[in-house]
Asks: 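Sharing a structure below in structure tokens format, with a few things to ask.
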Amino acid sequence: MTEQLTREPATGEVGRARRRKEDARLITGRTQWTDNIHLPGMLHVAFLRSPMAHAKILRVDTSAARGLPGVVAVYSGEDFAAEQGSLPCAWPVSDDCVIPEHPPMAVSRVRYPGEAVACVVATDRYRAADALEAIEVDYEPLPAVLDMTGALTDAAPKVHESGNKAFTWKFAGGDIDAALQDAPVVVERTYVQQRLIPSAMEPRAVVATTDGDSFTLYSATQIPHILRVMAALTTGIPEHKLRVIAPDVGGGFGSKLQVTAEEILALLITRRLGRPVKWTESRSEGNLTVHHGRDQLQRITVAADRDGRLRGLKVDLLADMGAYLMLVTPGVPVLGAFMYNAIYKMDAYDFTCTGVFTTKMPTDAYRGAGRPEATFAIERIMDELAAELGLDPLDLRRRNWIAHEEFPYTTIAGLTYDSGNYEAATAKAMELFGYEELRAEQAARREAGDPVQLGIGVSTYTEMCGLAPSRVLGALAYSAGGWEHASVRMLPTGAVEVVTGTSPHGQGHVTSWSQIVADALGVPFEAVTVLHGDTAVSHKGMDTYGSRSLVVGGVAVLRACEKVKEKARRLAAHMLEAAAEDIEFDAGSFRVKGTSAAKSIQELAFAAFAAHNLPDGFEPRLDADATFDPENFSYPHGTHLCAVEVDTETGMSKIRSYVAVDDVGNVVNPLIVEGQVHGGLAQGIAQALYEEAVYDGEGNLLTTTMADYLLPTALDLPDFITDRTETPATTNPLGVKGVGEAGTIASTPAVVNAIVDALRPYGVTDVRMPCTPERVWRAIHGSSS
Amino acid sequence: MPRITVTVDGVGYEEEVEPRLLLVHLLRDTLGKTGTPIGCDTTNCGACTVLMDGKSVKSCSVLAVQADGSEITTVEGLSANGVWHPMQRAFHEEHALQCGFCTPGMIIAAIDLVRTDPDPDDATIREGLEGNLCRCTGYCNIVRAVRRGAQEMGVNTP
Ligand code: FES
Ligand code: FES
């Protein structure tokens, strides 16, 4: 995509493909990853982790380890039992939701492999790791609980005393029985959302330190503000004595939207020893114990008329919670509940989800969190329905989607989509893709019996993001709100300091917020600095996840700018001896209408600082705070088309072309938007083709390294063709919609639809993800995968 | 403990090291050269890539003692007098980084790639960077950046 200038360069920063301010530091290695931090007297922590999925801890003997060189302390769960509290779950989704105690360090029982059972604190990381080998632990193995369906039977061993059911959550819109009854066409499918490992490139790391009174926690986290509240509640350290800093953070994708055992334990250890401590995760440790994503079993039924009109949709979901409920574990499938109906109109929708405990790593938010799962299931079954009816998959969608003139539209799931234009995005995508030509080629290859078949996959997705209206979160039983905060300060020299409550870790907020401020205040892009990620600097915030930062946090920045402008207008009126109503603002200048008398915002900033001549009652400051709570989610949408060549002899699938046309409303920085789409596509495609966290029959994780858990390399992914339509959101003054998760949500079904489409002549109606050559080959040859 | 001498980004060091110390830990923990990060423990990710006597190596798979007598260039040593290396500039221009964690290794690997093939096409670039994982960008912009960096290196290597 080429650089776009939507306004005059002087005032038109928004919409411009600005190169990022963040880059200079990152490309020269002057970074501040948490693991780079070195404090005087700092000690290193290493954790001993359970090799068993499920066991009683009979004895932990740390005595031999204590005497080893460099070892300062060794602790087991017993040592922390009285003070470690329970890791928080902030989303008890239903009245029947069971939230088991979740000790940061296991005391008497382990419930997933990798759970921490002891730790060594030593003078360097090598010695800490050495001493782990001297700790003896006796376990009494208990049966692993691995399969969700089995876990819900009476005979199943229990993960927790209360049993293996975490909750049931239901939603019903319309009369599903009436919709299903006598429906001319009913299609029912079961889809498996495999377990995924988020795999941010920066492993987690924590540094904790104290001066005896207050505490500082550095963490590779997406959520310094939420972490501060939760860590205070968990450890009993008073909130005002705890500062949390997220320095440079190397990606998150939801995996760092968590309050982790290691963060809490680092605080407890520094409290005990009075010395700074650091823990840096190894990748193998991370694959075991960074929360996992997805892992749902989806039974989905769709009923339609012969002409393809949807009557009803029924979804019955099992969601694997893993061994405990972490920060938003149960909320993930619930977020998905509102997205199964997608862009389609229908008479009835019924959703039931059961959360299930197993002896695996807890699941939680991973890029898209609930919406990719929902989008996959509905977009897959729409293709199945199209095949059943003999319709082109796009034609079936067209017969059911909300027409652009019908917005705002309240869906069967109760959300009000403010804007969208599915027709425009689809038309653009079809053209870029060469849809008709590829269909013709597909027909020719089928005709010729070509061993390499061509499949075309369609995904016309939408999603709800920009989390979130606080009232809605409250209604869904989430413990906190969804607002965001910003401060904008004119400094005496005319530079602008912005403090944001968002916590970027790759998204480029410093650049985008600078663009918003430059336009709003008429200051140069270069004159704006953005501070974030430190609770002592940014005192209020809700952090970064759920494609919320621009839609909520960016709008807070804009609102704060508007307040600054109103103050400046008052000051200008006073200095120019005019009425405030007669002052007009343009490109950083406050002018008396119809005259050349004017003050620049920089002059006003200095005047406010000097405070020699201010209006009565005017505080000597030109700054403002704003907290923005959105009234609705934002609903990006788009049409993704994927062409896959499947070699029917080897089962190998190769993406030949991928077109993504996304509508994320107005765009602040097209370069950053495109980057977000690219990265999202890569992760969604990886779920379709490559990635799966695998536990064996005993409950051991087999995919503990990057050699076993296959992240896509540059060789595995195609060059993406991306474009946009721009239908502004009507629910925020920037007209923006979230973009961080869209690519991931849309792409997984597009790829699998393409593979299945290629193989329909062979009677294939599904291939389980990841669609490895073996699974594809087995699907073709009729043996189960 | 063995004593080694090593030059890192133009500065000579003499250090006593444990035989098992990894080069990447020498750089990060002993010498404070934290520009080179660690992304894995199985030599899969490439985040730790540095140039050792001009050739790219994964510094997590090299022992510090093996680097004795060698010259190491990390991402911190690429720019001269505040002027970025053409490959650094290309990564910035093409928006080839998001979180930036893979970036030091990516840039170093790309420079080594261009050393062996001054005018690589997209397929060559994708193949050449197979050992460097990026979770943020989807690689498209990285491929563009390497192409651009290669062109500019041809014209203008500092
Ligand atoms: S840290 Fe060296 S390859 Fe991953
Ligand atoms: S930019 Fe984040 S891993 Fe590459």
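Because only heavy atoms are used, hydrogens play no part in the values below, and waters and symmetry mates are left out as well, while side chains stay in. Note that the structure is a prediction, hence the values are computed from the model and not measured.
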Asks: Mind checking whether B:Leu129 and A:Thr713 have side chains closer than 4.5 Å, heavy atoms only?
Replies: no
Asks: Charged N to carboxylate O below 4.0 Å: is that the case for A:Asp716 and B:Arg126?
Replies: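 Salt bridge absent between A:Asp716 and B:Arg126.
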Asks: For B:Phe101, is it the side chain, the backbone, both, or neither that has a heavy atom closer than 4.5 Å to a heavy atom of chain A?
Replies: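 Looking at B:Phe101, backbone and side chain both touch chain A.
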Asks: Quick check for you: to the nearest 0.5 Å, what is the distance between B:Glu94 atom CD and A:Leu671 atom CG?
Replies: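 Answer rounded to 0.5 Å: 8.5 Å.
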Asks: Taking side chain as everything from C-beta outward and backbone as N, CA, C, O, which of these in B:Ile125 sits under 4.5 Å from a heavy atom of chain A? Side chain, backbone, both or neither.
Replies: neither
Asks: Measuring heavy-atom distances to chain B, does A:Arg125 have an atom under 4.5 Å in its side chain, in its backbone, in both, or in neither?
Replies: side chain
Asks: Is a side-chain N or O of B:Tyr139 found less than 3.5 angstrom from the main chain of A:Asp719, in a donor-acceptor match?
Replies: no
Asks: Minimum heavy-atom separation for B:Cys40 to A:Met706, with atom names?
Replies: CB-SD, 3.8 Å
Asks: Identify which part of A:Glu281 has an atom lying under 4.5 Å from any heavy atom of chain B, answering side chain, backbone, both or neither.
Replies: neither
Asks: Can you tell which part of A:Ile672 gets under 4.5 Å to a heavy atom of chain B, answering side chain, backbone, both or neither?
Replies: both
Asks: Between A:Ala200, A:Pro198, A:Ala686, who has the most heavy-atom pairs with chain B when the cutoff is under 4.5 Å?
Replies: A:Pro198
Asks: Looking only at heavy atoms, what is the nearest atom pair of A:Thr28 and B:Trp84, with distance?
Replies: CG2-NE1, 3.5 Å
Asks: Once rounded to the nearest 0.5 Å, what's the spacing between atom NE2 of B:His92 and atom CG of A:Asp23?
Replies: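 It is 5.5 Å, given to the nearest 0.5 Å.
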Asks: A:Leu681 versus chain B, heavy atoms under 4.5 Å apart: side chain, backbone, both or neither?
Replies: neither
Asks: Is it the side chain or the backbone of B:Leu133 that comes within 4.5 Å of chain A heavy atoms, both, or neither?
Replies: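 Contact with chain A: backbone and side chain both.
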Asks: Check whether A:Arg20 reaches the backbone of B:Gln98 with its side chain - one donor and one acceptor, N or O, closer than 3.5 Å.
Replies: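 Such a contact is found between A:Arg20 side chain and B:Gln98 backbone.
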Asks: Would a 4.5 Å heavy-atom cut-off, applied to side chains only, mark B:Cys45 and A:Met201 as touching?
Replies: yes
Asks: Which atom pair, heavy atoms only, marks the closest approach of B:Gly138 to A:Phe720?
Replies: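 Closest approach of B:Gly138 to A:Phe720: O-CE1, 3.9 Å.
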Asks: Please determine, among B:Cys136, B:Pro104, B:Gly32, B:Ala96, the option with the most heavy-atom pairs under 4.5 Å with chain A.
Replies: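 The option with the most such pairs is B:Cys136.
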Asks: May I ask you to name which of A:Ala682, A:Ser284, A:Ser282 has the most heavy-atom pairs under 4.5 Å with chain B?
Replies: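 Top count of heavy-atom pairs under 4.5 Å with chain B: A:Ser284.
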Asks: Chain A heavy atoms under 4.5 Å from B:Asp29: which part of the residue, side chain, backbone, both or neither?
Replies: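 Looking at B:Asp29, just its side chain touches chain A.
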Asks: Would you please test B:Leu97 and A:Glu22 for side chain to side chain contact (heavy atoms under 4.5 Å, CB included) and show each step?
Replies: CA-CA 10 Å; B:Leu97 61 151; A:Glu22 290 85 345; over 6 Å; no
Asks: Using non-hydrogen atoms and a 4.5 Å limit, figure out which bit of B:Thr137 sits close to chain A: side chain, backbone, both or neither.
Replies: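 Answer is backbone: N, CA, C or O of B:Thr137 sit under 4.5 Å from chain A.
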Asks: Examine whether an atom of A:His38 lies under 4.5 Å from a heavy atom of chain B, and if so say whether it belongs to the side chain, the backbone or both; otherwise answer neither.
Replies: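 A:His38 has no heavy atom closer than 4.5 Å to chain B.
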Asks: Tell me, out of B:His25, B:Arg20, B:Glu18, who's got the most heavy-atom pairs with chain A below 4.5 Å.
Replies: B:Arg20
Asks: How far apart are the closest heavy atoms of B:Phe91 and A:Ile27, and which atoms are they?
Replies: CB-CG2, 4.4 Å
Asks: Using every non-hydrogen atom in the two residues, find where A:Val249 and B:Cys99 come nearest and quote the distance to one decimal.
Replies: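 Of all heavy-atom pairs spanning A:Val249 and B:Cys99, the closest is O-CB, 3.9 Å.
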Asks: Pick one of side chain, backbone, both or neither for B:Ile108, based on which atoms fall under 4.5 Å of a heavy atom in chain A.
Replies: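 Nothing of B:Ile108, per the 4.5 Å heavy-atom cut-off to chain A.
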Asks: Are the side chains of B:Thr34 and A:Thr31 in contact, using a 4.5 Å heavy-atom criterion?
Replies: no
Asks: Without swapping roles, check the side chain of A:Arg19 against the backbone of B:Glu93 for a donor-acceptor pair under 3.5 Å.
Replies: yes
Asks: Compare every heavy atom of A:Pro718 with every heavy atom of B:Cys140, then report the nearest pair and how far apart it is.
Replies: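 Scanning both residues, the minimum pair turns out to be SG-O, 3.9 Å.
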Asks: Keeping A:Arg283 on the side-chain end and B:Ile38 on the backbone end, is there a donor-acceptor pair under 3.5 Å?
Replies: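 Such a contact is absent between A:Arg283 side chain and B:Ile38 backbone.
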Asks: Report the C-alpha distance between B:Glu76 and A:Arg30 in whole Å, list the side-chain angles of each, state the deciding distance to 0.1 Å, and finish with yes or no for salt bridge (Lys or Arg N to Asp or Glu O under 4.0 Å).
Replies: CA-CA 7 Å; B:Glu76 294 172 66; A:Arg30 272 176 274 171; over 6 Å; no
